[in-house]
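Structure first, commentary second.
Owing to the predicted nature of the structure, the values given are computational and were not obtained by experimental measurement. Remember, it's 1-based here, ligands and their atoms both numbered in the order they're listed.
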Amino acid sequence: MAGDWWRDAVIYQVYVRSFADDNGDGIGDLPGIRSRLPYLAGLGVDALWITPFYTSPMADGGYDVADYRDVDPTLGTLDDARGLVRAAHGQGLKVIVDIVPNHTSSRHEWFRQALRSAPGSPERDRYLFREGTGDAPPNDWESVFGGGAWTRLPDGQWYLHLFDPTQPDLNWANPQVRDEFHDVLRFWLDLGVDGFRIDVAHGMVKQDGFPDVGAREQHKLLETRPLPYFDQDGVHEIYREWRKVLDTYDPPRIGVAEAWTATAERLARYLRPDELHQAFNFHYLTTGWEARALREVVDHSLTAIPAVGAPATWVLSNHDVHRHATRYGGGPAGVRRARAAILLMLALPGSVYLYQGEELGLEEVLDLPEEVLQDPMWERSGHTDRGRDGCRVPIPWTRGGSALGFGADGSTPWLPQPRAWSELSVEAQTGAEGSTLELYRGALHTRREHPALGAGDAVDWQDSEPEVLWFSRTAAGRTLHCAVNLGPEPARLPTGTVLLASDEYEVDGSHTLLPTDTSVWWEA
Ligand code: GLC
Ligand code: CA
């Protein structure tokens with residue numbers, strides 16, 4: 001079905017500030033993205049997800065929105081946004097934009113009004129203002145960025161912010177808040193976007209009575225126990241309403257949940273037929289490079305998510321986590337594993353999210369000088385957590401130039417790029433045999449053409465050694481095999497017509513000898 005393009009789509013995440021800088025001020029922008037659309041179309045992805053570009057003081061990279069219906073002047077104009085969506089469609093690419101409904105910026109007109117208004121006023125009721133006890137905040141909730149989740153005003157009241165103090169949480173029990181976001185959805189849908197990535201989709205509803213958690217480091221507990229401010233059942237009512245809005249468009253537009261939940265079953269609740277279309281599979285992202293654990297999370301995802309009629313999704317990196325080449329060990333071994341991992345991920349049924357720069361084999365930049373760090377986590381953690389800037393370093397497009405082609409020569413990117421990235425640039429890797437970029441291109445094009453890749457919702461596991469993941473998939477009379485060797489010794493596998501391998505391998509008669517940390521796709 002044409003309307004179901006998203007079920008097996010490969011969606012490329014663009015972190016706006018770090019993708020391409022058109023006007024040379026050091027910050028990526030919408031015209032920059034537009035100029036790189038041919039690159040994305042050529043790479044072979046189906047859609048882009050663009051992180052927030054709305055009017056914002058940028059205290060949290062744009063996840064602090066001051067005006068949901070306009071573009072931040074550093075990133076472009078509303079006309080640029082319109083032009084970008086149109087140009088992307090012209091290249092056959094869909095566009096998903098971010099929506100940030102859990103909190104606004106403290107510079108949003110509503111929060112300014114709330115600050116000017118008295119405790120108990122309707123202006124304050126759009127946010128979560130409460131009285132504390134003596135000098136203590138209303139409860140023990142913690143900010144995801146470190147420290148307490150409450151900030152006190154001179155008049156004595158406290159307001160809740162699950163993130164930075166410049167990101168006050170909205171009160172989703174207030175009908176004005178709900179109406180406003182329906183309207184914002186329609187604004188961007190009318191402009192032509194194909195869907196939304198919903199920021200902190202598990203956070204908008206807080207448990208009645210705001211009970212204490214009674215523990216420290218609360219966000220690490222989500223896996224083991226419910227938290228009064230995350231994944232509350234009430235959020236689903238919001239998505240049922242949003243679905244009605246999305247469905248008024250033809251073809252229906254989609255909603256993708258950024259929801260951190262304890263289990264895949266809890267995640268599937270966001271994907272029931274009258275709610276959202278996709279949710280990021282963070283259980284997959286957080287699994288290490290270990291055969292048994294990966295097989296378990298694949299099986300678990302493929303059981304829980306299709307059970308509600310939704311496609312599974314797969315993701316390894318985004319703008320909030322260390323790049324996976326680094327998580328998998330870093331250096332040549334980490335990159336080798338990352339290359340093996342992409343063939344595994346692209347062979348799984350469902351939809352895949354890529355993060356800009358992973359196709360270049362970029363690693364986390366771990367040694368950014370302290371004085372350039374901008375992530376609020378750095379300050380909020382009292383300089384104990386360097387935060388997420390290391391995965392947000394601007395992309396290298398060319399070998400030369402002061403910004404490696406991210407911006408014009410002479411410009412200075414907002415975060416410094418390692419000089420070694422020159423040889424990882426798009427220019428250096430294009431057409432270079434064996435480069436990570438060409439591996440991605442080859443894999444994405446094969447995935448598009450091969451009927452057994454993408455579609456469907458199951459894999460057929462084959463008998464293999466415990467450290468080898470080997471499965472096949474069949475469609476339209478063609479069977480594709482995917483095997484990954486996560487063990488230290490070469491693995492013997494039957495051979496056939498090899499379509500793609502993540503690194504070199506040997507052939508021994510009728511067998512393939514697959515080296516450690518290598519994956520291969522073949523047809524028997
Ligand atoms: C999401 C975003 C993250 C942001 C946070 C607060 O987790 O991905 O970048 O800091 O929400 O909006
Ligand atoms: Ca710029």
Side-chain angles (χ1 to χ4, degrees), residues 13-36 49-54 56-66 68 71-77 80 84 96-106 108 143-146 149 160-170 196-204 219 222 229-231 256-261 279-280 282 285 315 317-322 353 355 374-381 385 387-392 394-395 403 405-408 410-415:
Q13 180 189 352
V14 173
Y15 189 73
V16 184
R17 295 190 299 161
S18 307
F19 188 64
D21 169 20
D22 183 70
N23 64 354
D25 66 353
I27 302 167
D29 44 45
L30 298 184
I33 302 174
R34 184 169 175 172
S35 72
R36 300 294 181 182
W49 148 33
I50 308 176
T51 57
F53 47 78
Y54 316 110
S56 165
M58 301 284 164
D60 183 22
Y63 284 97
D64 48 324
V65 181
Y68 289 84
V71 174
D72 193 80
T74 56
L75 306 178
T77 64
D80 291 334
L84 172 59
I96 292 172
V97 295
D98 234 296
I99 186 158
V100 188
N102 179 68
H103 43 265
T104 69
S105 161
S106 52
H108 189 283
S143 154
V144 175
F145 291 161
L160 180 73
H161 51 87
L162 292 183
F163 295 88
D164 195 67
T166 63
Q167 294 167 298
D169 278 48
L170 286 162
F196 297 94
R197 176 265 189 192
I198 302 154
D199 190 60
V200 199
H202 57 309
M204 283 124 87
H219 311 106
L222 182 61
Y229 47 81
F230 279 156
D231 196 25
V256 183
E258 187 223 10
W260 294 83
T261 62
F280 295 109
F282 294 126
L285 183 149
V315 63
S317 281
N318 63 35
H319 65 295
D320 291 330
V321 298
H322 278 192
Y353 281 82
Y355 177 53
Q374 299 203 9
D375 186 350
M377 268 187 171
W378 172 239
E379 289 299 330
R380 295 276 306 164
S381 69
D385 186 335
R388 301 161 295 177
D389 290 321
C391 63
R392 299 174 176 179
I395 296 300
F406 164 69
S411 66
T412 309
W414 68 281
L415 288 173

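- Counting heavy atoms closer than 4.0 Å to ligand 1, residue Tyr15 contributes nothing at all.
- A salt bridge links Arg392 with Asp320: the distance from a Lys NZ or Arg NE/NH1/NH2 to an Asp or Glu carboxylate oxygen falls below 4.0 Å.
- Taking each of Asp98, Asp320, Asp199, Asp375 in turn, the one with a heavy atom nearest to atom 1 (C) of ligand 1 proves to be Asp199.
- Short contacts between ligand 1 and His103, defined as distances under 4.0 Å to a heavy atom of the residue, involve ligand atoms 6 (C), 12 (O).
- Under 4.0 Å from ligand 1, not a single heavy atom of Met377 appears.
- Contacts of Arg392 with ligand 1, taken as heavy-atom pairs under 4.0 Å, involve the side chain alone.
- Checked for salt-bridge contact, Arg380 and Asp375 miss the test: no charged N lies under 4.0 Å from a carboxylate O.
- Minimum-distance N/O/S atom of Asp21 relative to the Ca ion (ligand 2): OD1.
- A side chain to side chain contact (heavy atoms under 4.5 Å, CB included) with Pro376 is found for one member of Thr166, Asp64, Asp60 and no other, namely Asp60.
- Tyr68 places a side-chain N or O within 3.5 Å of a backbone atom of Val100 that can act as its donor or acceptor partner.
- Residues Met204 and Leu170 are not in side-chain contact: their nearest non-hydrogen atoms beyond the backbone lie 4.5 Å or more apart.
- Ring-centre distance between Tyr353 and Phe280: below the 6.0 Å cut-off.
- Residue contact check for ligand 1: His161 places no non-hydrogen atom closer than 4.0 Å to it.
- In this pair, Phe145 and Phe163 present their aromatic rings perpendicular. The plane angle is above 60°, beyond the 30 to 60° band.
- Atoms of ligand 1 found under 4.0 Å from any heavy atom of Arg388, numbered from 1 in the order shown, are 3 (C), 4 (C), 9 (O), 10 (O).
- Summary of contacts: the protein heavy atom closest to atom 7 (O) of ligand 1 is Glu258 OE2, 2.8 Å.
- Taking backbone and side-chain atoms together, Asn23 has an N/O/S atom less than 3.0 Å away from the Ca ion (ligand 2).
- Asp29 contributes OD2 as its N, O or S atom closest to the Ca ion (ligand 2).
- At least one side-chain heavy atom of Leu415 sits less than 4.5 Å from a side-chain heavy atom of Pro394.
- Ring pair Phe282/Trp260 is parallel by interplanar angle, where below 30° counts as parallel and above 60° as perpendicular.
- The Ca ion (ligand 2) lies under 3.0 Å from an N, O or S atom belonging to Ile27.
- The backbone N or O of Gly76 lies less than 3.5 Å from no partner atom in the side chain of Asp29, so there is not a single donor-acceptor pair.
- Note on Asp25: its N/O/S atom closest to the Ca ion (ligand 2) is OD1.
- Summary of contacts: the protein heavy atom closest to atom 10 (O) of ligand 1 is Asp60 OD2, 2.6 Å.
- Closest protein heavy atom to atom 5 (C) of ligand 1: Phe163 CE2, 3.7 Å.
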